[in-house]
Q: 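I'd like to ask some things about the structure below.
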Amino acid sequence: MNLEKKTEFVVRLILRDEQGRQIGEIEAIRYAGLLHLAHEDALRSVRTELVQAPSDANGRTAIVRAIVRTRRGTYSGIGDANAGNVNRRVAPHIIRMAETRAIARALRTAVDVGAVCLEELGETMDTPTTASNMQADPSAQLAAQRQPAGRDLQPEVADEGDKRPISEAQRKYLYRLVYQLGETREGATSRVLAVLGADRIETATRVAAAQAIDSLKEDVAAMVGASDQANGTRRA
Amino acid sequence: MGLAVLDLPHNTSASQLQGYARCPRAFWFRWVARLQPERRPLPLLLGSAVHGGVGWYFEQRLAGRLPDIEEAVQIARADVAADANGGNVSLTEWDELEADAGRLVRHYLEQAGDAAVSSVEQAFDVPLFDPETGETLPRRLRGYFDLRTENGAVIELKTAARGWGEIDPSRHLQLASYSFAAEQAGGRSVAIEAHVLVKTRREVRLDRYELKPGQYGWWRQSAADIERAIQARVFPPAPGFACSGCEYRQACDRMGRTERP
């Protein structure tokens, strides 16, 4: 794997003190980038195990072990999370955060990336600038709403454990399929929501969307098959 | 209060160059901060649906099927529904979008549906150079050609409320970007056709503009200047009439509100 490919996913974070003064820089890699690099290395499996469930006795700290297998070998990583080392927004989800961190550490070893993963950093779940401690800066608050960049060229593909939200390409694919099944705009959204199992489309995950696409494609195939059969019967 | 120091996108694109030229501040919101737009302008939704329907039609043909134009219209309607769902679109606007997308897709495919298209949404990724020093610029130019024909020409599909009139395509940041990318990627000059679907009050019109090879000197200089400004993190607002329809109007308004009196 070439260096250029790796550095493509690396971001440079500027660390600032409470007064906003720059006190240093750190390089970090995005979790999505790690996953991409691992897939390029023929990622075969990702297994996780909850080593320690959060409880009052352990300071409500979750510990997860991840084992990642690529064509090069098997790699493991440990991740921990508690209310003190995660972003406030993810504090209610510390088991999942511990799992993400464990996978990230295992993936970093697997794909030979030394930079820390963004998701391993306490205040940087998905907002690189918050590592800069720029709370006084309104644009940093805006940055908390960052959207994923780039096109989704594989809307049907999602890895188990992929925490990303549904993509625009996935949303469009779902609507195209339900229209193909004869829905009109009046019923399309209800059907999309039903197959996603969500109350609102934007809350659906990429994994749920990929599964919904598979399910609707089967419905379309069945409809086309039934139609062909009916036409064949008529012809006969 | 300045803008947060966020990492720039790793690559540039025709849309980024054009977006920066329109308003550097809006560029920052969209490509650097990657903010969710406050609203999606209707012309953007219309263009997206038309691209969807036309692209689908040619993909089907490339797959060896014989699609019906009305199927492509239905795809465009589905895309409108997908976008309208989260885009703060009123039912009246939705009606208009559906009707316009249908008419534009139908008209385009009736006029150009038999084009010898060899690829849809073909990706490109080429380096950019400073025209004076020959230095490679930090960000590569990446994007997708809407359609490519068997003779290698690039077709860019545009929708517009008004015709482009007597524009000089060599001074068009997007078209010249595609021309440059096609030449760099293929090692030879390639003609770029802009197919502009014009929605007038009573009709739909298809205008064609062609950018001849070797006409992008202005573009090379402009692209390098824009890229240098982006690298220098210069993102001032460009106040004007377009502000009222901007997707980031509220976010822009908030900038500076925390300034002490």
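Naming convention: chains lettered A, B, ... in sequence-line order (proteins, then strands); numbering from 1 in each chain. Just so it is clear, the structure is predicted and the values come from calculations on it, not from any experiment.
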Q: State plainly whether the residues A:R176 and B:E71 are in salt-bridge range, i.e. N to O under 4.0 Å.
A: no
Q: Under 4.5 Å from any heavy atom of chain A, what part of B:W56 do you find: side chain, backbone, both or neither?
A: side chain
Q: CD of B:Q250: more than 12 outside heavy atoms within 6.0 angstrom?
A: no
Q: Looking only at heavy atoms, what is the nearest atom pair of A:Y175 and B:A78, with distance?
A: CB-O, 3.6 Å
Q: For residues B:I75 and A:K172, determine if any side-chain heavy atom of one lies less than 4.5 Å from a side-chain heavy atom of the other.
A: no
Q: Checking A:Q180 against chain B: side chain, backbone, both or neither under 4.5 Å from a heavy atom?
A: neither
Q: Any side-chain heavy atom of A:R185 within less than 4.5 Å of one from B:E98?
A: yes
Q: Taking the side chain as everything from C-beta on, heavy atoms only, tell me whether A:R171 gets closer than 4.5 Å to B:D79.
A: no
Q: Answer whether the closest heavy-atom distance between the side chains of B:R77 and A:T184 falls below 4.5 Å.
A: no
Q: Tell me if the CD atom of A:Q154 is crowded by more than 12 foreign heavy atoms within 6.0 Å.
A: no
